[in-house]
Amino acid sequence: MSEENATLDNEQVKGLNFVEEEVYNDLRAGKNGGRLNTRFPPEPNGYLHIGHAKAICMDFGIAEKFGGTCNLRFDDTNPVKEDVEYVDAIREDIHWLGFDWGNREYYASDYFPKLYDLAVRLIKEGKAYVDDQTSEEIARQKGTPTTPGEESPYRNRSVEENLDLFTRMNAGEFDEGSRVLRAKIDMASPNMHFRDPIMYRIIKTPHHRTGTTWKVYPMYDFAHGQSDYFEGVTHSICTLEFVVHRPLYEYFVKELADETYCPRQIEFNRLNLTYTVMSKRKLLQLVKEGLVAGWDDPRMPTISGMRRRGYTPASIRNFVNTIGYTKYEALNSVSLLEHAVRDDLNKIATRVMAVINPLKVVITNYPEGKVETVTMENNPEDSESGVHEMPFSREIYIERDDFMENPPKKFFRLAPGSEVRLKGAYIIKCDEVVKDAEGNITELHCSYDPETRSGLPGASRKVKGTLHWVSAPHAVDAEVRLYDRLFDVENPAAEPDRDFREMLNPDSLKVVQGAKLEPFIIKNSEKGAKFQFQRVGYFTPDYDYTPEHPVFNRTIALKDTWEKVQKNS
Ligand code: ATP
Ligand code: MG
C-alpha cells in the first residue's frame, strides 16, 4: 500500500464504512507489513446474483480504494454441485461489473494437498480423529447452545488408527457418509461450531478440476481460512452469517499463522431484496423446472439476467453504494435498484419513438404519398449525443391508450373533437372514429394544422397533450417483452410455510407482438444498445433479436408504477 492511501484526511475518514475503517486502522497499525489483500470467494454452484454484486463491490472496491489487491477464488470444495459452466459465468459477470483480478485467479482445490497435509499434522498432534458415526448420530450428539454435547465413542482413537483410517478414506475404501474426520476441540463449548466440527467428508463424485484424485473433501470451515492464509489474504470479508464461524476460522488459521501475517475475517450484512429470492438453491430450482428461461432470464436477480434485461454495471454499483454496508440484516426495496437503473439510463439511453399497442391514425388533409422528416434529439441529457431524423406521413400509429372515446375531464390526450401535438411534428384534431362490425375502434381520422410544425408560425400554439407516434408505412414490427417483478410477495423468504413457487408473479412476463418502431431503432440495435422509447420506458435488444424478428426487452418502465399502486391501496 502506498503512503498516500494510508493517510486520509478527516473528511475522508468520516466517509468510510465500518469495514473500510477496520481495514484502514489495520493498515495504519502496520499489520501484515501494511499489506491489503482481499478475495471474492464464490462457490461455482450457480450464477452470481445481485447479492454477490454487493460482496464484489466490497472486496474489489476496498482493495482499489487503499491500493491493495483482490483475488478471485473459486471455493470449489463440493464436486457434487459445481460445474465449469458456473466458473465461466462468474468470471464474465465480475468483469462486466467493472472489476478485474489480474492473474490472481485461484481455486480452493489448488490447496487440497496442503489442506490434506495440515489435516494429517492435526491427527498426529491429537487434534483430529476419524468418526465412524453417521451424520445423524453426530447431529444428535451436538447438544444445544445451552446444554453440552456428547463425545463420540471414536473420539479417543489412537493416532495410528486415525492416520490409517483417514488414508483409507481418501483411497476410496469406504462409502460416502460412513466416516468423517473431525477436529477434536470441545463438545461442551458454548460455541456450537467448536463441538468437534467436521473437517473432511467422503465424496466420490469426480471434481471438475481434480478429477478422481481425491475421495475426501474439506468442509468450508476447514478450507476457507487456510485458503486465505495460503493466498496471502489479509482481510477476509464476508457476510454476517459467518460471525458465529469466526472463532473457528481463527482457531484453524492459528495452526498456520504467526505474528507477521494472519488473515482476519470481517462481516457485513447480506443484501436481501424485495420481490425476489437470493438463495442459489431456489434460483437453480427455477431454472431446472423451467419456471424461468434460464439463469439469464431478465426477471432473475442474477447479474447475467440484469445484463440481458438492460441494467448497466454503473446502476448496480450505484445501488450498492446507496444501500451501504452495516452490521444488521435488512430487506432493501427493489425500487431503490430500479431508481438507480432509471437514473443511469436517463443519462445514456437514446430517445426514440415506438408504439407498443398501435392504433392507426389517418391524417385526412395531409397529401397522400408525401413524406417529411422531423429531427429528433437523441438525448437531451447529453449534449454530445446529436440528433436523428424520423419520417412523418399521412398514416401514423399512436398508442391505443392515448385515445379515449368518452374521456374523463382531465384526459389531455386524444378524444373526439380534441387536439394533441404529435411530438416533433404537427397538432392534429380527431374528427372521426372508425369501428368494425363488433364496435372495436380500428382507426381514427384526424386533420392536421399545417402551421404548427417547428419553425412555422403556429409552432408555439399550445395544446395540453403531446403524444409519441410512428409513421405507419415506415414502421418496423417488433416483439417486445414487458417484464415485471418475479414474485408478487414482498419477501418470499419470510414465508417458510409456503412453497416459494406459489408466490411467483403470474404476470411477470407479457409478450407483445406487432409493436411499431421507428426505423432508426432497428439500424442502431447492436447488442447492449440502450433506448428510451419515449413516454413508455427503457428498452434493449434481447439476445433473441434477429433482423427478421426484432425482439426488445423492457428494462424498466419510465415511472415506478408499483409505488403508485402501493400508495393508492
Ligand atoms: P449459498 O446460497 O450456496 O450459501 P452463497 O450465496 O453464500 O451460497 P457463495 O458463492 O458462497 O454464495 O458466495 C460468495 C460470496 O458472496 C460470499 O463471500 C458471500 O458472503 C457473498 N454473498 C452471497 N450472497 C450474498 C448476499 N445476498 N449479499 C451479500 N453478499 C453475499
Ligand atoms: Mg456460501
Side-chain angles (χ1 to χ4, degrees), residues 17 19 38-63 70-83 85-91 93-94 97 99 101 105-109 218-221 223-225 227-228 231 233 235-246 249 263-287 295 300-304 306 316-317 319-334 336-337 491-494 500:
N17 64 47
V19 179
T38 56
R39 88 285 167 266
F40 174 63
E43 184 178 357
N45 62 352
Y47 281 56
L48 297 182
H49 54 56
I50 181 82
H52 293 112
K54 178 173 177 178
I56 290 167
C57 289
M58 167 58 80
D59 296 328
F60 285 93
I62 203 165
C70 179
N71 303 349
L72 171 59
R73 184 198 316 138
F74 290 101
D75 204 351
D76 55 348
T77 51
N78 183 359
V80 180
K81 293 188 182 160
E82 296 159 6
D83 198 283
E85 175 199 348
Y86 300 132
V87 170
D88 295 339
I90 288 169
R91 284 198 198 107
D93 288 349
I94 300 172
L97 280 173
F99 299 104
W101 54 94
E105 179 172 314
Y106 304 111
Y107 293 79
S109 55
M219 300 294 288
Y220 176 89
D221 283 320
H224 204 84
S227 300
D228 285 342
E231 255 165 45
V233 165
H235 294 80
S236 186
I237 305 168
C238 60
T239 36
L240 285 174
E241 70 271 24
F242 293 104
V243 169
V244 289
H245 294 249
R246 194 196 318 138
Y249 177 100
R264 171 186 176 192
Q265 178 181 305
I266 305 174
E267 313 84 7
F268 65 83
N269 64 328
R270 288 179 86 84
L271 170 63
N272 301 299
L273 208 55
T274 54
Y275 299 103
T276 193
V277 295
M278 220 63 92
S279 144
K280 275 195 269 184
R281 187 179 54 77
K282 288 180 183 163
L283 296 177
L284 177 63
Q285 211 175 336
L286 293 177
V287 173
W295 283 100
M300 290 281 270
T302 52
I303 311 280
S304 50
M306 292 179 177
I316 293 173
R317 291 194 308 262
F319 163 69
V320 167
N321 232 341
T322 308
I323 57 172
Y325 297 86
T326 73
K327 295 183 197 181
Y328 308 96
E329 289 300 352
L331 177 66
N332 289 110
S333 169
V334 70
L336 283 174
L337 172 59
N491 189 7
F500 79 104

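Read the numbers this way: they start at 1 and go in the same order the structure lists the ligands and their atoms.
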Region of Asn272 engaging ligand 1 - heavy atom pairs below 4.0 Å: neither
Distance filter under 4.0 Å to Pro41 heavy atoms, resulting ligand 1 atoms: 14 (C), 18 (O)
Interfacing atoms of ligand 1 (cut-off 4.0 Å, heavy-atom, Asn45): 3 (O)
Side chain to side chain, Phe40 and Leu48, heavy atoms closer than 4.5 Å: yes
Polar atom proximity, Arg39 to ligand 1 (N or O, under 3.5 Å): no
Plane angle bin for Tyr86 and Trp295 - parallel if under 30°, tilted between 30 and 60°, otherwise perpendicular: perpendicular
Main-chain N/O of Ile237 paired to Arg39 side chain as donor or acceptor, under 3.5 Å: yes
Element-labelled atoms of ligand 1 that are located less than 4.0 Å from some non-hydrogen atom of Thr239: 19 (C), 20 (O), 29 (C), 30 (N), 31 (C)
Flag, side chain of Asn332 to backbone of Leu273, donor-acceptor distance under 3.5 Å: no
His49 side chain to Pro301 backbone, donor-acceptor under 3.5 Å: no
Thr38 (side chain) donor-acceptor with His235 (main chain) under 3.5 angstrom: no
Worked verdict on Lys81 versus Glu43 for salt bridge (charged side-chain N to carboxylate O under 4.0 Å, His left out): CA-CA 9 Å; Lys81 293 188 182 160; Glu43 184 178 357; over 6 Å; no
Any Met58 heavy atom less than 4.0 Å to ligand 1: no
Aromatic ring proximity His245/Tyr249, centre distance under 6.0 Å: no
Nearest option to atom 28 (N) of ligand 1, as decided by whichever heavy atom of Leu271, Val320, Asp75 sits closest: Leu271
Contact check: Lys280 vs ligand 1, nitrogen or oxygen atoms, below 3.5 angstrom: yes
Heteroatom distance test (Arg270, ligand 1): nitrogen or oxygen, under 3.5 angstrom: yes
Polar contact flag, side-chain donor to acceptor under 3.5 angstrom, Asp76-Ser109: yes
Under 4.0 Å to a heavy atom of Ala55 - the qualifying atoms of ligand 1, by number: 16 (O), 21 (C), 30 (N)
The one among Met278, Lys54, His52 that brings a heavy atom closest to atom 16 (O) of ligand 1: His52
Heteroatom proximity flag, Phe40 to ligand 1, N/O under 3.5 Å: no
Part of Arg281 within contact of ligand 1 (heavy atoms, under 4.0 Å): neither
